[in-house]
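Only this structure's heavy atoms are used, side chains among them; waters, hydrogens and symmetry mates stay out.
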Amino acid sequence: MSDATPSPTATPERPQLPAQSPPVDPAETAVAGDKAASTGRLSWWQGDGGDGAKRNLGLIGVLAALIVVGMVTKPDLYGDPNWVWNNVLAILQLASVVGVVTVGMTFVIIGGGIDLSVGAIVALAGVWCTTVATQSYGAGGMIFTAIVVGICVGLVNGVLISYGRLVPFIATLAMLVAARGLAASISNKQTQVSSSTFINDIAARKVLGIPILVYILGAVVLAGWILLNRTTFGRRTIAVGGNPEAARLAGINVRRHTMLLYALSGLCCGIAAIMLTSQATSAQAAMANLYELDAIAAAIIGGTLLSGGRGTIVGSLLGVIIFATITNLFAINGLSIEAQNMVKGGIIVAAVLVQQFQFKSFTRILARNRVTTAT
């Protein structure tokens with residue numbers, strides 16, 4: 001017999017698997033989920049951004065500084081409580097129309113767009129709703145016409161941008177010119193007087209001492225805040241503005257959503273047209289001039305990024321109130337409009353510079369330098 005024994009068969013070497021993490025307690029997972037849900041649901045003050053409260057506090061500080069300037073320059077007026085209350089109502093009423101337009105503009109900018117035609121849309125809706133044919137249907141027909149005209153023009157902007165692939169700046173600039181021209185053609189370059197008592201009384205009436213225009217502004221702001229922060233439409237708006245390609249890959253119809261954003265802006269313009277017509281008891285093609293610049297500036301002051309993806313309705317409202325307060329402050333001091341515009345321009349530049357300079361990044365750089373020097 002042979003002493004040779006068969007060699008054992010070679011077994012393949014097993015790959016080394018990474019160490020598995022320890023099992024997770026289901027109770028801990030539930031607690032973590034609750035914490036994530038609670039942190040994801042932001043308060044009304046913060047809006048949809050983590051730094052919303054800080055920005056809004058800064059805007060409150062600017063308003064307080066403007067009030068101090070008014071108290072120093074006009075102590076006799078600010079010493080009268082009745083005048084102060086009436087002045088506050090005047091500022092809010094002054095900010096009401098632009099504030100409604102700014103709500104729609106905020107949605108468009110957060111979604112990564114821009115709308116230069118909002119002032120022209122307000123003029124076109126106001127002129128169209130004050131024609132003799134439209135006024136024959138009463139106040140309901142006038143309100144319906146203004147809102148439908150605003151939405152339709154906004155839809156045209158949205159279709160051109162979403163499906164026509166036009167740059168928002170070019171598309172809305174063309175609509176600005178076209179809407180102004182159409183408004184001048186409809187009105188024959190004449191001022192159209194509103195004969196509706198109901199429409200005219202909107203700006204004149206008060207409820208509990210507060211003008212109805214202020215209530216309309218509050219209702220639009222509240223609806224806009226809920227839409228942006230408590231609905232999927234608002235989350236999709238932030239996603240589309242932050243990264244359109246990632247939003248598309250996530251299943252969002254970016255084109256349709258962009259179109260709806262411009263329709264929403266047109267809706268706000270239609271509401272603003274009724275409010276402005278009520279204030280002037282008339283409408284003309286030149287009304288709401290440069291409202292687009294006021295709305296964009298207020299949104300930027302409120303913390304809305306021009307590149308899209310971030311913004312708050314509360315911040316935009318505070319931005320509108322700041323500009324209205326500046327206008328009021330210059331008026332009671334008898335200063336020129338030129339000086340007022342220069343101050344507004346400086347505030348806009350300062351707000352954009354604040355957006356460009358990221359304080360968090362700066363603090364992180366300092367922290368890294370400290371760690372490097374310590375080691």
Inset, instruction - Can you tell me which residue pairs pass the salt bridge (Lys or Arg N to Asp or Glu O under 4.0 Å) test with a partner in residues 184-202, sequence neighbours excluded? - result: Asp201-Arg205
Inset, instruction - Check whether Val220 and Ile151 end up in the same hydrophobic cluster, where Ile, Leu, Val, Met, Phe, Trp and Tyr are linked by side-chain heavy atoms less than 4.5 Å apart. - result: yes
Legend entry - Any Phe323 side-chain heavy atom under 4.5 Å of Asp294 side chain: no
Legend entry - Leu94 reachable from Val320 in the ILVMFWY side-chain graph, under 4.5 Å edges: no
Name each donor-acceptor pair under 3.5 Å that joins a side chain in residues 102-117 to protein atoms two or more places apart or in another chain, with its distance.
residue, atom, partner, partner atom, Å
Thr102, OG1, Val98, O, 2.6
Thr106, OG1, Thr102, O, 2.7
Thr106, OG1, Ser316, OG, 2.8
Asp115, OD1, Ser117, N, 3.0
Asp115, OD1, Ser117, OG, 2.6
Asp115, OD2, Ser265, OG, 3.2
Ser117, OG, Asn157, ND2, 3.1

Legend entry - Atom of Thr277, atom of Ala283 and distance for their closest heavy-atom approach: OG1-CB, 4.1 Å
Inset, instruction - Report, as yes or no, whether the 6.0 Å neighbourhood of atom OH on Tyr215 holds more than 12 heavy atoms from other residues, nucleotides or ligands. - result: yes
Legend entry - Heavy-atom check, side chain of Gln279 versus side chain of Leu213, under 4.5 Å: yes
Legend entry - Pro211 side chain near Leu89 side chain, heavy-atom distance below 4.5 Å: yes
Legend entry - Gap separating the CG atom of Leu264 from the CG atom of Leu227, nearest 0.5 angstrom: 6.5 Å
Inset, instruction - Taking the side chain as every heavy atom from C-beta outward, state whether Cys268 and Val101 have any pair of such atoms under 4.5 Å apart. - result: no
Legend entry - Joint cluster assignment, Ile321 & Ile210, ILVMFWY side-chain distance < 4.5 Å: yes
Legend entry - Donor-acceptor under 3.5 Å (Ser185 side chain, Gly181 main chain): no
Legend entry - Distance (rounded to the nearest 0.5 Å) between Gln135 CD and Ser195 OG: 3.5 Å
Inset, instruction - State, with a plain yes or no, whether a side-chain heavy atom of Val118 is found less than 4.5 Å away from one of Ile296. - result: no
Inset, instruction - Taking the side chain as every heavy atom from C-beta outward, state whether Cys269 and Tyr291 have any atom pair closer than 4.5 Å. - result: no
Inset, instruction - Quick one: list whatever passes ring pair (Phe, Tyr, Trp, His ring centres under 6.0 Å) with Phe233, sequence neighbours left out. - result: His257
Inset, instruction - Verify the neighbour count for atom OH of Tyr163: are there more than 12 heavy atoms of other residues, nucleotides or ligands below 6.0 Å? - result: yes
Legend entry - Residue pairs involving residues 63-90 (criterion side chain to side chain donor-acceptor pair (under 3.5 Å); sequence neighbours excluded): Thr73-Asn333, Asn87-Asn328
Inset, instruction - Compare every heavy atom of Met287 with every heavy atom of Gly126, then report the nearest pair and how far apart it is. - result: CA-SD, 4.4 Å
Inset, instruction - Kindly indicate whether the side chain of Ile170, heavy atoms from C-beta on, has any atom under 4.5 Å from the side chain of Leu160. - result: no
Inset, instruction - Identify the two heavy atoms, one from Pro168 and one from Tyr262, that lie closest to each other, and give their separation to 0.1 Å. - result: CB-OH, 3.4 Å
Legend entry - By side chain to side chain donor-acceptor pair (under 3.5 Å) - contacts of Ser187 (at least two apart): none
Inset, instruction - Show your working on side-chain contact (heavy atoms from CB on, under 4.5 Å) between Thr325 and Leu63 and close with a plain yes or no. - result: CA-CA 8 Å; Thr325 304; Leu63 279 174; 3.7 Å; yes
Inset, instruction - Calculate, to the nearest 0.5 Å, the distance between atoms CG and CD1 belonging to Leu318 and Ile60 respectively. - result: 5.0 Å
Inset, instruction - Please name the pair of heavy atoms, one in Asn253 and one in Arg256, separated by the smallest distance, quoted to 0.1 Å. - result: OD1-N, 3.2 Å
Inset, instruction - Give the minimum heavy-atom separation between Glu292 and Ala120, together with the two atoms involved. - result: OE1-N, 4.5 Å
Legend entry - Distance in Å, Ser194 OG paired with Ile202 CD1, rounded so as to fall on 0.5 Å steps: 9.0 Å
Inset, instruction - Please tell me if the side chains of Ile199 and Ile143 come closer than 4.5 Å, counting only heavy atoms from C-beta onward. - result: yes
Inset, instruction - Provide the closest heavy-atom pair for Ala146 versus Ala125 in the form atom of the first, atom of the second, distance. - result: O-CB, 3.6 Å
Legend entry - side-chain contact (heavy atoms from CB on, under 4.5 Å) between Leu317 and Ile313, intermediate numbers included: CA-CA 6 Å; Leu317 174 63; Ile313 300 297; 5.6 Å; no
Legend entry - Exam field: side chain Ser278 to backbone Ile274, donor-acceptor pair closer than 3.5 Å: no
Inset, instruction - Decide whether Phe198 and Ile147 are clustered together by the hydrophobic rule: side chain heavy atoms of Ile, Leu, Val, Met, Phe, Trp, Tyr closer than 4.5 Å, transitively. - result: yes
Inset, instruction - Check side chain to side chain donor-acceptor pair (under 3.5 Å) between Gln192 and all other residues, then give those that pass, not counting sequence neighbours. - result: Thr130
Inset, instruction - State the CG-CD1 distance between Asn243 and Ile252, to the nearest 0.5 angstrom. - result: 10.5 Å
Inset, instruction - Kindly work out whether a path of hydrophobic side-chain contacts (I/L/V/M/F/W/Y, heavy atoms less than 4.5 Å apart) joins Ile301 to Trp225. - result: yes
Legend entry - Separation of Ile271 CD1 from Leu276 CG (nearest 0.5 Å): 14.0 Å
